[in-house]
Amino acid sequence: MTDRPRRKSDAARRANQVIRGRTMLIMLLLGVASFTVLFWKLYDLQINRHDELKAEAVGQQTDSMVISASRGTIYDKNGEIMAISYSTETVLLDPGGVQDFVESQEQKIQDAAEEAAEKGAPYTAPEVLDQAYIARGLSRILDVEEETILEHLENTANRYWEVKKKVDQDVADEVRRFINGEIDDEGNQLTTVDEDGNTVLISTGGRPTRLQGISLTPDTKRLYPFGSLAGNVIGFVNANNMGAYGLEASYDDVLSGSTGLTITPTNVNGTPLLFSGGEQMFDAENGSSLVLTLDTNVQYALEKGLESMLDKYDAANGGTGIVMDVNTGGIVAMASYPNYDPGDFSTIYTEGLQAELDAALAEIQQNRSTYETEEAYNQALANARATIQFKQWRNKCYQDTYEPGSTFKPITLATALEEGVVNMNTTFTCTGSIHVEGWEKPSTVPSGPATAPRP
């Protein structure tokens with residue numbers, strides 16, 4: 001007779017049930033806690049940080065380029081152009097792209113050398129068009145310090161650096177020829193056109209090497225055809241084509257227009273994905289034009305007359321002049337001296353202001369030891385230049401206070417007559433001056449008796 005297996009005792013079964021129950025409870029609690037943490041993390045990433053992460057992803061996956069709007073033209077009353085924008089280009093460098101280009105050349109040379117060695121054939125490695133080569137070429141064409149270009153090329157983490165802004169078309173075309181391998185870093189011609197119309201190297205007949213990491217983008221530059229004429233009135237724009245002074249600043253929202261944007265998908269290295277179909281372009285909206293009441297002919301006559309008068313009488317504080325249309329009140333001419341050329345607004349044009357600037361800079365240089373840091377010293381020099389420049393840019397016709405003096409007497413007389421304080425037969429005895437309370441200097445008036453004039 002075989003022994004039957006012994007059944008577990010009731011106590012052992014109860015113990016197993018308790019353990020299983022506790023295990024299930026712990027697993028349930030751990031599951032709920034894990035799900036809660038995961039849910040909160042997903043909520044934080046997808047809801048709380050949605051805009052931030054979306055913007056970061058767009059920045060990593062796309063490359064954008066601003067399209068400059070053409071600034072509006074400024075005309076005088078007769079349609080003469082006083083300020084106009086024309087097309088230029090900005091030269092850009094991609095230090096990381098240049099590094100990739102150099103490494104790809106070195107890899108091709110290494111592969112070709114190994115292949116030639118396996119075949120037992122001689123091999124002469126071509127010149128590597130490296131950072132120094134590119135820096136020499138761009139420095140020669142753009143008149144930018146070679147060391148400065150090399151310094152920026154060493155920063156390969158940077159994918160965008162403006163070498164020079166607002167480059168004229170002929171200079172931009174030479175940069176483009178350098179990029180296409182048509183000229184070398186010294187400007188020597190490397191290519192010619194063969195019988196089939198293809199551009200080939202003069203030396204080998206092969207295709208020229210196109211430089212990578214250099215690009216050009218459209219830009220605009222402001223031109224003032226009349227030079228310094230009405231410079232204090234027209235004003236000027238800054239390096240970003242924004243109005244900085246004068247009418248250019250006052251009507252900047254009218255003249256500037258709206259910039260456009262080109263958005264291009266890129267890979268992990270920031271290289272544009274060609275033929276991806278995802279490129280988007282938002283066209284720029286050009287600015288509106290501005291027609292002034294100024295007449296360039298009258299403006300020229302006013303400025304010449306003002307300059308002649310100042311030279312004759314050596315006016316220490318310069319001078320101003322305004323010509324108005326008596327029928328409409330429109331300003332036909334407005335001049336202020338000293339004047340300047342809006343196309344070269346940083347240059348000091350008058351000897352007096354230049355002498356004042358030289359004296360201020362000399363004083364700062366003499367007291368250089370009193371400045372605690374080099375930054376403070378350079379800031380003092382910059383402030384001295386800015387002070388003189390603001391004096392030159394200033395339009396005294398409306399920015400300076402004018403004390404009318406004798407020219408205001410008819411207003412005083414008209415007021416007195418209107419209030420009945422005096423009449424047409426009232427006489428006055430003038431002693432030459434009168435002291436007004438609260439005013440340090442006495443107010444001078446013509447001496448002798450005066451009679452209210454009859455109409």
Side-chain angles (χ1 to χ4, degrees), residues 66 68 88 90-96 131-132 135 138-139 142-167 219 221-222 224 228 231-250 252 256 315-318 320 336-401 440:
V66 175
S68 299
T88 60
T90 294
V91 181
L92 307 174
L93 260 184
D94 176 4
Q131 289 88 342
L138 293 180
S139 175
L142 301 175
D143 195 23
V144 178
E145 290 291 336
E146 183 178 338
E147 292 76 11
T148 303
I149 300 176
L150 281 172
E151 181 180 345
H152 281 86
L153 283 173
E154 291 175 359
N155 184 15
T156 55
N158 185 17
R159 309 294 297 192
Y160 177 88
W161 177 60
E162 292 180 344
V163 185
K164 193 168 186 177
K165 300 183 67 173
K166 303 184 185 304
V167 173
D219 202 350
K221 189 175 182 178
R222 205 63 165 165
Y224 302 91
S228 63
N232 296 96
V233 180
I234 300 299
F236 55 87
V237 298
N238 59 21
N240 296 319
N241 289 322
M242 297 177 61
Y245 222 77
L247 293 177
E248 292 276 27
S250 299
D252 185 63
S256 60
N317 296 322
T320 61
S336 180
Y337 189 86
N339 201 1
Y340 67 96
D341 185 349
D344 189 17
F345 55 84
S346 60
T347 300
I348 306 300
Y349 280 85
T350 59
E351 295 180 359
L353 288 179
Q354 186 61 53
E356 188 175 344
L357 175 59
D358 292 340
L361 296 178
E363 183 179 354
I364 294 173
Q365 179 64 32
Q366 185 178 359
N367 299 325
R368 183 168 185 172
S369 59
T370 62
Y371 296 97
E372 296 181 357
T373 63
E374 187 70 16
E375 182 179 353
Y377 167 72
N378 292 329
Q379 186 62 48
L381 294 176
N383 291 340
R385 293 188 181 93
T387 299
I388 299 301
Q389 287 174 342
F390 276 115
K391 285 186 178 182
Q392 178 174 257
W393 301 338
R394 193 174 186 83
N395 188 341
K396 296 181 179 181
C397 294
Y398 73 92
Q399 289 182 296
D400 284 9
T401 302
E440 296 180 358

Rounded to the nearest 0.5 Å, what separates atom [atom1] in [X] from atom [atom2] in [Y]?
{"X": "Ile234", "Y": "Phe345", "atom1": "CD1", "atom2": "CZ", "result": "15.0 Å"}
{"X": "Trp393", "Y": "Ser346", "atom1": "CH2", "atom2": "OG", "result": "7.5 Å"}
{"X": "Asp94", "Y": "Leu153", "atom1": "CG", "atom2": "CG", "result": "9.5 Å"}
{"X": "Lys166", "Y": "Asn241", "atom1": "NZ", "atom2": "CG", "result": "3.0 Å"}
{"X": "Gln354", "Y": "Ile388", "atom1": "CD", "atom2": "CD1", "result": "9.0 Å"}
{"X": "Lys164", "Y": "Leu138", "atom1": "NZ", "atom2": "CG", "result": "11.5 Å"}

When you measure from the side chain of [X] to the backbone N and O of [Y], does any donor-acceptor pair fall under 3.5 Å?
{"X": "Thr90", "Y": "Asp219", "result": "no"}
{"X": "Thr373", "Y": "Ala376", "result": "yes"}
{"X": "Asn395", "Y": "Cys397", "result": "yes"}
{"X": "Lys221", "Y": "Thr88", "result": "no"}
{"X": "Glu146", "Y": "Ala135", "result": "no"}
{"X": "Glu248", "Y": "Ala244", "result": "no"}

Discussion item. Angle between ring planes, Tyr245 versus Phe236, binned at 30° and 60°: parallel, tilted or perpendicular?
Written reply: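 If you compare the ring of Tyr245 with that of Phe236, the planes turn out parallel.
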TODO: In sequence, state the C-alpha distance, the side-chain angles, and the governing distance for His152 and Leu93, and then conclude on side-chain contact (heavy atoms from CB on, under 4.5 Å).
DONE: CA-CA 9 Å; His152 281 86; Leu93 260 184; 5.8 Å; no
Item to complete: Run the numbers on Ile149 and Trp161 for side-chain contact (heavy atoms from CB on, under 4.5 Å), then give the verdict.
Response: CA-CA 10 Å; Ile149 300 176; Trp161 177 60; 4.2 Å; yes
| query | So do Leu92 and Glu162 actually touch side chain to side chain, heavy atoms under 4.5 Å? | reply |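 Of all side-chain heavy-atom pairs linking Leu92 with Glu162, at least one is under 4.5 Å.
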| message | Set out, in order, the CA-CA distance, both residues' side-chain angles and the distance that settles side chain to side chain donor-acceptor pair (under 3.5 Å) for Asn232 and Lys396, then state yes or no. | response | CA-CA 9 Å; Asn232 296 96; Lys396 296 181 179 181; over 6 Å; no
On a heavy-atom basis, which atom in [X] and which in [Y] lie closest, and how many Å separate them?
{"X": "Pro342", "Y": "Ser228", "answer": "CD-CA, 4.2 Å"}
{"X": "Ala384", "Y": "Leu357", "answer": "O-CD1, 3.8 Å"}
{"X": "Thr320", "Y": "Ser336", "answer": "CG2-OG, 4.1 Å"}

Do Glu356 and Leu353 pass the side-chain contact (heavy atoms from CB on, under 4.5 Å) test, and can you show the C-alpha distance, the side-chain angles, and the key distance before you say yes or no?
CA-CA 5 Å; Glu356 188 175 344; Leu353 288 179; 3.9 Å; yes
- Leu361 and Gln365: CA distance, side-chain angles, deciding distance, side-chain contact (heavy atoms from CB on, under 4.5 Å) verdict: CA-CA 6 Å; Leu361 296 178; Gln365 179 64 32; over 6 Å; no
* Are the charged groups of Arg394 and Asp400 less than 4.0 angstrom apart, N to O? ->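 The answer is yes: the pair qualifies as a salt bridge.
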For Tyr349, all residues meeting side-chain contact (heavy atoms from CB on, under 4.5 Å), sequence neighbours excluded: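 Only Tyr340, Asp341, Asp344, Thr347, Gln392 meet the side-chain contact (heavy atoms from CB on, under 4.5 Å) criterion with Tyr349.
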For Glu363, does the CD atom sit with more than 12 other heavy atoms under 6.0 Å from it, leaving out its own atoms?
->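 Counting neighbours around CD of Glu363, 12 or fewer heavy atoms of other residues, nucleotides or ligands fall under 6.0 Å, so no.
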